[in-house]
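Written out below as structure tokens is the structure these notes cover.
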Amino acid sequence: MKITIFSESSTDEAALKILVEAILGKEIEEVLRPNTLRSRGFASVENELPVVINSVYYKTDVEGLVVVYDSDDTPVHQKEHPKDEAEKCRFCILQEKIAFVLKNIKPRPERKPLKIAFGVAVPAIEAWYLCGTKLDTSEDAWKRKLTGEPVRYDRTSLKRKVYGEKPFKRKQIESAVNEAKRLAKTLESLEEKFPEGFGNLIKEIKLWR
């Protein structure tokens with residue numbers, strides 16, 4: 001299956017490839033998208049996602065697109081948000097953006113509809129990487145932190161725990177890939193601890209089998 005992965009760094013995309021393969025139960029052929037982004041921050045994603053979707057759909061034979069971004073300090077997604085939270089929720093923003101783009105894509109007789117699965121890592125994908133460790137990362141823990149309760153980690157400490165101090169790029173990728181290989185054997189635990197962000201990703205990818 002040909003898949004493009006769109007995330008905040010090549011490090012994350014390398015790790016996500018392993019998780020996607022574990023969900024599907026088979027190897028995938030990753031098709032790299034054109035590297036036109038000047039920044040990989042969320043504001044860039046919001047602006048560039050329609051370009052990425054259209055590029056993947058019209059210019060490649062990719063079957064599925066995986067989109068994963070960090071929530072940072074924005075609200076954790078809930079089924080029913082207060083309006084002020086929903087406007088800041090990155091899960092809601094991505095969901096609406098993807099639906100809008102797909103609604104306006106012109107069908108092509110020779111192409112099947114593009115499959116898109118997305119997830120939002122709370123508060124960062126490094127929390128996923130550390131799931132099941134002594135640090136005990138989870139969406140519930142971060143919700144408590146956002147309301148002022150003390151939690152044993154923040155976004156900076158998560159990155160330091162996964163990659164160490166000032167690692168080279170190759171070391172970052174190696175660390176993320178190693179954690180992804182561990183998590184590939186315990187996807188149920190990752191889904192349990194991160195039911196909104198990872199839960200949505202795994203639910204949508206399972207429909208591709």
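Computed from a predicted model, the values in this text were never measured in an experiment. Below, each value reflects all heavy atoms present in this structure, side chains not excepted, and no hydrogens, waters or symmetry copies.
- Atom-to-atom distance recorded for Glu29:CD and Glu63:CD is 9.5 Å, nearest 0.5 angstrom.
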Which atom pairs, donor and acceptor, lie under 3.5 Å between side-chain atoms of residues 190-197 and protein residues at least two apart or in another chain?
{"unit_1": "Lys193", "atom_1": "NZ", "unit_2": "Asp136", "atom_2": "OD1", "d": "3.1"}
{"unit_1": "Glu196", "atom_1": "OE1", "unit_2": "Lys79", "atom_2": "NZ", "d": "3.4"}
{"unit_1": "Glu196", "atom_1": "OE2", "unit_2": "Lys79", "atom_2": "NZ", "d": "3.0"}

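- Atom CZ of Arg155 is separated from atom CG of Asp72 by 4.0 Å, given to the nearest 0.5 angstrom.
- If you look at Phe6 and Phe118, their ring centroids are not closer than 6.0 Å.
- Note: Ile53 CD1 to Ile116 CD1 = 4.0 Å, rounded to the nearest 0.5 Å.
- The salt bridge (Lys or Arg N to Asp or Glu O under 4.0 Å) pairs that include a residue from residues 167-180 are Glu179-Arg182, where partners are two or more places apart or lie in different chains.
- Within 6.0 Å of OH in Tyr58 there are more than 12 heavy atoms belonging to other residues, nucleotides or ligands.
- Taking CD1 of Ile98 as the reference point, atom CD of Glu96 lies at 11.0 Å (rounded to 0.5 Å).
- No hydrogens or angles considered: a donor-acceptor pair under 3.5 Å links the side chains of Ser157 and Asp154.
- For Met1 against Leu24, the heavy-atom pair with the smallest separation is SD-CD1, 4.1 Å.
- In this structure a side-chain-to-backbone donor-acceptor pair under 3.5 Å is present from Glu21 to Ile28.
- Between Arg160 and Glu165, at least one side-chain nitrogen of the basic residue sits less than 4.0 Å from a carboxylate oxygen of the acidic one, meeting the salt-bridge criterion.
- The side-chain heavy atoms of Ile3 and Glu30, taken from C-beta on, include no pair separated by under 4.5 Å.
- Closest approach of Lys88 and Pro75 over heavy atoms only: CB-CD, 3.7 Å.
- Of all non-hydrogen atoms in Ile173 and Ser10, the two that sit nearest each other are CD1-OG, 4.5 Å.
- Not one N or O on the side chain of Arg108 forms a donor-acceptor pair closer than 3.5 Å with the backbone of Pro113.
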Side-chain donor-acceptor pairs of residues 119-135 under 3.5 Å, sequence neighbours excluded:
{"unit_1": "Glu126", "atom_1": "OE1", "unit_2": "Lys159", "atom_2": "NZ", "d": "3.3"}
{"unit_1": "Glu126", "atom_1": "OE2", "unit_2": "Lys159", "atom_2": "NZ", "d": "3.3"}
{"unit_1": "Glu126", "atom_1": "OE2", "unit_2": "Tyr163", "atom_2": "OH", "d": "2.7"}
{"unit_1": "Tyr129", "atom_1": "OH", "unit_2": "Asp12", "atom_2": "OD1", "d": "3.0"}
{"unit_1": "Thr133", "atom_1": "OG1", "unit_2": "Leu130", "atom_2": "O", "d": "2.7"}
{"unit_1": "Thr133", "atom_1": "OG1", "unit_2": "Leu135", "atom_2": "N", "d": "3.3"}

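- Atom CD of Glu87 is separated from atom OG1 of Thr74 by 13.5 Å, given to the nearest 0.5 angstrom.
- Hydrophobic clustering (side-chain heavy atoms under 4.5 Å, transitive across Ile, Leu, Val, Met, Phe, Trp, Tyr) groups Leu49 together with Val31.
- Residue-environment remark: CD (Glu80) stays at or below the threshold of 12 foreign heavy atoms within 6.0 Å.
- Using a 4.5 Å heavy-atom cutoff, the side chains of Lys103 and Phe100 are not in contact.
- One finds the OG atom of Ser9 at 8.5 Å from the CG atom of Asp70 (value rounded to the nearest 0.5 Å).
- The shortest non-hydrogen separation linking Tyr153 to Ala141 is OH-CB, 3.6 Å.
- In this structure a side-chain-to-backbone donor-acceptor pair under 3.5 Å is present from Arg111 to Tyr57.
- Judged by distance alone, the side chain of Ser189 and the main-chain N or O of Thr186 form no donor-acceptor pair under 3.5 Å.
- Atom NZ of Lys143 sits in a crowded spot, with more than 12 heavy atoms from other residues, nucleotides or ligands closer than 6.0 Å.
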